[in-house]
Amino acid sequence: MPIRPYILAETNWKAIKDQFFDLAILPWGATEAHNYHLPYSTDVVEADALAAGAAKFAYEKGAKVIVLPAIPFGVNTGQHDVKLDINLNPTTQIAILNDIIDTLHRQNIFKLVIINSHGGNDFRQMLRELGLRFPAMFLAEVDWYKIKDISAYFEEPGDHAGEAETSLMLHLKPEWVLPLAEAGDGIAKKFRFKGMREGWAWSERHWNSVTKDTGIGNPVKATPEKGAKFINLLYEKIGDFLYEVAVTNKADFYTDD
Ligand SMILES: [Zn+2]
């Protein structure tokens, strides 16, 4: 595959040194078990692919964007006892983000969008704090799994290694997916408390108390075709957002309509 000029890991100083960028894109995943059948890198593969595909869309429309290498570890505090799930604490994440933003800021790249692929990562409070520290920066987070159209593309999308994620991986990295006959059913328990079921109370789930196979959601109806269809929607939808953020002046971010 030829060098993609909007992917920092692939391009070079010769191409970069005289270029100006409006927007940096940071894919952020996790390293964790995904039922029996998906690789530990699932969230990294997804974050990388989505960042690259969406950046391509924005780049081809003329936006000056650059995708940074993915951060492979996420917040896995609730999975501390799942073998080789590697946890980065939120305080570590904000330290990493601070240093990346500091570099961008010193080099006049004033917009950063995180493409997050892991439910345990929540950057919003960090972006508030870092926004105060770097007022010239525009900082945003994209959580692709919150895109509502997901229910139109899958019968039972699932939360973790279910139909949606398995379909994405069957499309992106089929060679790393075990036959679905070897997958667990992803049956998961819920908190018994009404407030949590209604969504107005929250507490972290202890993963091993919730699921036996580490999955949440049944992957049995996953297909590569469903994955391809959904990811193309994501490339376009997220790509459009990246394009808009990159080309819009900060003074024009808010509108009356
Ligand atoms: Zn995942």
Side-chain angles (χ1 to χ4, degrees), residues 1-29 43-72 96-97 100-118 121 123-124 126-127 130-131 134 136-150 152-153 164 168 171-173 227-255 257:
M1 193 156 79
I3 293 169
R4 292 171 292 181
Y6 47 87
I7 307 281
L8 187 59
E10 297 178 14
T11 189
N12 45 64
W13 172 238
K14 187 175 184 223
I16 292 289
K17 64 181 176 29
D18 299 321
Q19 260 194 81
F20 173 81
F21 296 102
D22 280 311
L23 169 66
I25 299 152
L26 179 64
W28 204 312
D43 291 0
V44 182
V45 171
E46 289 162 354
D48 250 342
L50 288 169
K56 178 173 190 267
F57 183 90
Y59 174 83
E60 285 174 352
K61 276 178 88 174
K64 294 177 172 51
V65 298
I66 188 80
V67 178
L68 309 182
I71 311 279
I96 292 170
L97 263 180
I100 292 171
I101 292 167
D102 186 45
T103 302
L104 299 174
H105 182 257
R106 264 186 288 109
Q107 300 180 3
N108 301 324
I109 301 168
F110 292 120
K111 294 170 182 165
L112 172 70
V113 172
I114 301 170
I115 306 291
N116 175 39
S117 191
H118 172 62
N121 293 338
F123 298 103
R124 283 176 295 179
M126 301 177 200
L127 299 187
L130 292 164
F134 298 96
M137 293 294 299
F138 171 78
L139 305 169
E141 168 178 2
V142 165
D143 303 313
W144 65 264
Y145 45 87
K146 289 182 185 162
I147 288 175
K148 285 200 178 66
D149 307 10
I150 197 165
Y153 285 73
L168 288 177
H171 168 64
L172 293 170
K173 276 274 178 220
K229 228 170 141 188
F230 184 56
I231 207 159
N232 282 314
L233 169 91
L234 295 180
Y235 290 155
E236 202 178 311
K237 224 174 163 80
I238 300 170
D240 230 7
F241 173 69
L242 297 179
Y243 174 78
E244 281 186 299
V245 166
V247 302
T248 307
N249 284 327
K250 254 186 125 178
D252 300 322
F253 273 5
Y254 301 91
T255 155
D257 46 63

So do Phe21 and Ile16 actually touch side chain to side chain, heavy atoms under 4.5 Å? yes

Quick one: pull up CZ in Phe134 and CG in Leu112 and give me the separation to the nearest 0.5 Å. 11.0 Å

Atom of Ser117, atom of Glu46 and distance for their closest heavy-atom approach: OG-OE1, 2.9 Å

Enter the distance from Phe57:CZ to Asn232:CG here, rounded to the nearest 0.5 Å. 11.0 Å

Which is it for Lys64 and Gln19 under the side chain to side chain contact (heavy atoms under 4.5 Å, CB included) test, yes or no, and what are the steps along the way? CA-CA 9 Å; Lys64 294 177 172 51; Gln19 260 194 81; over 6 Å; no

Euclidean distance, Asp257 CG relative to Thr255 OG1, rounded to 0.5 Å: 3.5 Å

Minimum heavy-atom distance between Ala52 and Ile7, given as atom pair plus value: CB-CD1, 3.7 Å

Please give me the minimum heavy-atom distance between Pro5 and Tyr59, naming the atom from each residue. CG-OH, 3.2 Å

Could you please spell out the steps behind the side chain to side chain contact (heavy atoms under 4.5 Å, CB included) verdict for Val67 and Ile115? CA-CA 10 Å; Val67 178; Ile115 306 291; over 6 Å; no

Is atom CD of Glu10 surrounded by more than 12 heavy atoms (other residues, nucleotides or ligands) closer than 6.0 Å? yes

Phe253 vs Phe138 aromatic rings, parallel, tilted or perpendicular, using cut-offs 30° and 60°? perpendicular

Measuring only between side-chain heavy atoms, which start at C-beta, is Ile238 closer than 4.5 Å to Ile147? yes

Considering all heavy atoms, the nearest Pro27-Ala51 contact: CG-CB, 3.7 Å

Measure the shortest side-chain to side-chain distance between Trp28 and Leu97 over non-hydrogen atoms and say whether it is less than 4.5 angstrom. yes

Atom CH2 of Trp144 and atom CD1 of Ile150: how far apart are they, to the nearest 0.5 Å? 5.0 Å

Can you establish whether the number of heavy atoms outside Lys61 located under 6.0 Å from its atom NZ is more than 12? yes

Asp102 versus Arg106: any side-chain heavy-atom pair under 4.5 Å? yes

Roughly how far, to the nearest 0.5 Å, is CD1 of Ile231 from CG of Leu168? 5.0 Å

So, taking the atom named OH in Tyr145 and the one named CG in Leu50, what distance separates them when rounded to the nearest 0.5 Å? 11.5 Å

Measure across Lys111 and Thr248 and return the closest heavy-atom pair with its distance rounded to 0.1 Å. NZ-O, 2.7 Å

Take Ile3 and Asn12 through the test side chain to side chain contact (heavy atoms under 4.5 Å, CB included) and record every step on the way to the result. CA-CA 9 Å; Ile3 293 169; Asn12 45 64; 4.2 Å; yes

Tell me, yes or no, whether the heavy-atom count around Lys250 atom NZ, taken from other residues, nucleotides or ligands under 6.0 Å, exceeds 12. yes

Residues Leu172 and Tyr235: closest non-hydrogen pair is CD2-OH, 4.0 Å

